[in-house]
Each structure stands twice: as C-alpha cells, then as structure tokens.
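Worksheet for the structure shown next.
Just the heavy atoms: all of them, side chains too, but no hydrogens, waters or symmetry mates, feed the values below. Below, chain A is the first sequence line, B the second, and so on; all start at residue 1.
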Amino acid sequence: MINSSEEAIRKVLAGLRGCDVPLEMEQRVLKTVHDQASAEFRSGRWSRPLWLENLGAPTISRRSFFGVVVTGVLAVALATPFLHRAHRVGDTASQFKKVASRQVGPQPLATPSLVASSATVPPTASDFRLSGKKRKRAVGIARHSDSLALRELHAASRPAPPLPLTREEKMLLRLIHTVGPQELAMLNSEIRAKHEAEADAEFQQFFGQVMAKNNEQN
Amino acid sequence: MALYSVEGARSELDLTALAETYSGLLFRVAYSVLRSRAEAEDVAQDVFVRILKRSPDLLTVRDLRVWLVRITWNLSIDRRRRIRPEQIDEDFAKSLVATNAPADEALGDAQRMKAVLRELEKLPRAERQVLLLSTVEELETLEVAKVLGRSESAVRALLFRARTRLRERLDRGEGK
C-alpha cells in the first residue's frame, strides 16, 4: 500500500528506471536496418558515389573539394626537394661505379672502407632542411647505392673481347657451317695453292693493265 | 554482420557496433517517455534507420552518445503525440502494482501511479524532461545537460524543482 505521494513518485521513477531491454532487441534493430539498407540499395539510391553527390552540393562541398586539391599541390611541392635529393644520391652512385670500372691493372684495389668513405655524399643545404625521419631515409638510400657500387667492384671480370680469327680458323668456321664441295676441296693444299695462283693471275691480269695505263698517263 | 557497413563514406560507420553499444540506452530513453516496451523498441529501430540515412552527417558529430540520445528523445516525444498515451500509462501503472496485493489496495495504488504520471505530464517542459531523463541510469547529469543544452547546475535545480512541484501537486490533489 502506497501511503504518500513521495513514495508513489519514487515507485513510478523506479519503474521507468528498472525497465529491462527486450531480449534480442539488438538483432531486431540490426535486421530492420539491414532491410532498410537493402531496400535503398535496390532502389538505386546508393548507386552514386558519395563524393559525386557531394560535388553536386554547393558551397561547403566544393570548398572542401578545392581544399583537397590545394593540399595535394602543397604535398607535391613539399615532396619535390626530397625526390630531387634521392635522385642526386642515385646519380652519385652511378658516377662512382663508372670511376671504379675505369680502375685497371697496377692501381691498388679500393678497400670497402675506402669505397664507403669515397661514396659518402657531403651534406648539402637541403640535408639540413630535412627533418629526422627524412634524413634517415636519405642516408638509407645512400647506403644502398654504396653497397651496389661495392658489389659491382667485387664482381668477377667479364671475359676479354675475342681476337680476330686467323684465316684457317675462319675457313674452319665456314666449313662447319656451310660444308660445300669447294670448301672441302680447299682442304687439299695443292688444290688450294692452284686456286690461289689462279686468283693471283686473274688479279694481276685485271689490275696489271689498269696500273700500266696509269703509269703511261703519268 | 559486416553488411551493415555500407559502401562509400557510410562504410566508416559500423552500425553493428553502434547497435551493440547504444541500443539499450536508446531503448531506455524512449521508454522513459513512452512507457511502452514495443513503442520504445520501435523508436530505437527508427533511430538506427535514421543513422543509416544520415551517416555522412554522423561523421561530423562530436558527441555521438549525446546526439543519439537527443534524436531518440525527439522521436519519442513525437511518437507520444501520435499514440494514445492514456491507455499506455494505465497499463504501465498496473504493471507497477504488487501482484500479491488485495484487489482494492491494488486498485488504489494503480490510481496513485496514474495520478503521478498525469501530473508528470503537466509539469513545465524543462522540468519534465530533466525528471524523465534522470530515470535513465546510464545518463549522468552532465550528459543530461548536454542533451537538453543546459548547464549541469541548471539541470540539478530543474530536477529538484520538478520533484518538489510534482509532490506538491499530488498532495494538493489528494487533499481535494
């Protein structure tokens, strides 16, 4: 039995406070949301990308779009010096490789420490502008190019270019590739000598007349 | 249940996680106004459907909890206007009466409860709002203040005035 209004108020408020959440309400809520989402998706309301919808909206969306563009341009402008620096480090490494490849014969071979010290790029003004992380990254690139140069230096020499073949070698090669009756006959020294004599005679017959005429004219 | 993370910017909202976190709170907020479990659940569902529809706006919301409670509150008030609250309040009052009490006592208690609910609805708007929101245990005074757009001290003062006024009116009604 409720005797006072205060007790009645307390009981009503306790009744409101003590209400338990229905069992599996979350699941029902999610199911409803899912059904709604599916219905809207089927109806094609969400087929358009959101960024495109925003572009259609005036002022604020356009402003944010231009903001993104400006941010992108600034990011490129800030990244350019770093990229330029990385490129320069790469160039230095390739120049070093060229110098190392020119070292020949009696010159003493460069030790790894020497190579490393010679490949170290002196700090530039742009280095000091780099913050800690960027500087570490740049040093990492330099070290990578050093190791490349060292690998090139210690790599096995390439085989020497082939010397010009002798006449016999050339004939042998020709025999190997195109074995004809004439070539086979040339293996016989007598036939070869006769053939050469004929060739010399033909040469003399032709060029001898020409040379004689020239001498007469002179 | 990842399907509730819908495409585009909407995918940034995990509705499953939102439902798990807030559905109980939102149900209780709605129940404090509507006093019907079915109606309160409907409102909670409605809130999440609205979240789905307005998810891009939601990404800019600073205090999600307060924002959700405010939406729930407004939807509940709106729904209360459309339903027949007298019948619902009567059922609620009956549910509060002890079941083992004699019939005449139970009837008297139910009448008192109904009177409380009736007077509660007649309270000034701000006082009624504070009193009802204070019944939601999960909400602290600061959050109630944020939902109603008032200061914490104002909420405390309103709560005190609401209870005093309600008690006085009930006593006056009983005296008549």
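Interatomic distance, A:E26 CD to B:F48 CZ, rounded to the nearest 0.5 Å: 8.5 Å. With rounding to the nearest 0.5 Å, the separation of OG in A:S4 from CG in B:L170 is 10.0 Å. Rounding to the nearest 0.5 Å gives a distance of 6.0 Å between OG of B:S134 and CZ of A:R17. Atom CG in A:L16 sits 6.5 Å away from atom OH in B:Y31 (nearest 0.5 Å). One distance of note links CZ of B:R169 with OG of A:S5; it measures 13.0 Å at 0.5 Å rounding.
Contacts of B:V136 with chain A are absent, with no heavy-atom separation under 4.5 Å from either backbone or side chain. Interface remark: B:R167 contributes backbone and side-chain atoms alike to the contact with chain A (heavy atom separation under 4.5 Å).
When every heavy atom of B:F92 is checked against every heavy atom of A:V12, the shortest pair comes out as CZ-O, 4.1 Å. Scanning all heavy atoms of the two residues, the minimum distance from B:R163 to A:L13 falls at NH1-CD1, 3.8 Å. Between B:R37 and A:V21, the closest heavy-atom pair is NH2-C, 4.2 Å. Closest heavy-atom contact between B:Q45 and A:V29: CG-CG2, 3.6 Å. The heavy-atom pair separating A:A8 from B:R112 by the smallest distance is CB-CB, 4.5 Å. Taking each heavy atom of A:L30 and B:A19 in turn, the nearest pair found is CD2-CB, 3.7 Å.
Other residues, nucleotides and ligands place no more than 12 heavy atoms under 6.0 Å from the CD atom of B:E140. B:R150 CZ: 12 or fewer foreign heavy atoms inside a 6.0 Å radius. Taking a 6.0 Å sphere around CG of A:L23, one finds it holds 12 or fewer heavy atoms contributed by other residues, nucleotides or ligands. Around atom CZ of B:R82, more than 12 heavy atoms belonging to other residues, nucleotides or ligands sit under 6.0 Å away. Remark: A:E24 CD is loosely packed, at most 12 non-hydrogen atoms of other residues, nucleotides or ligands lying under 6.0 Å away.
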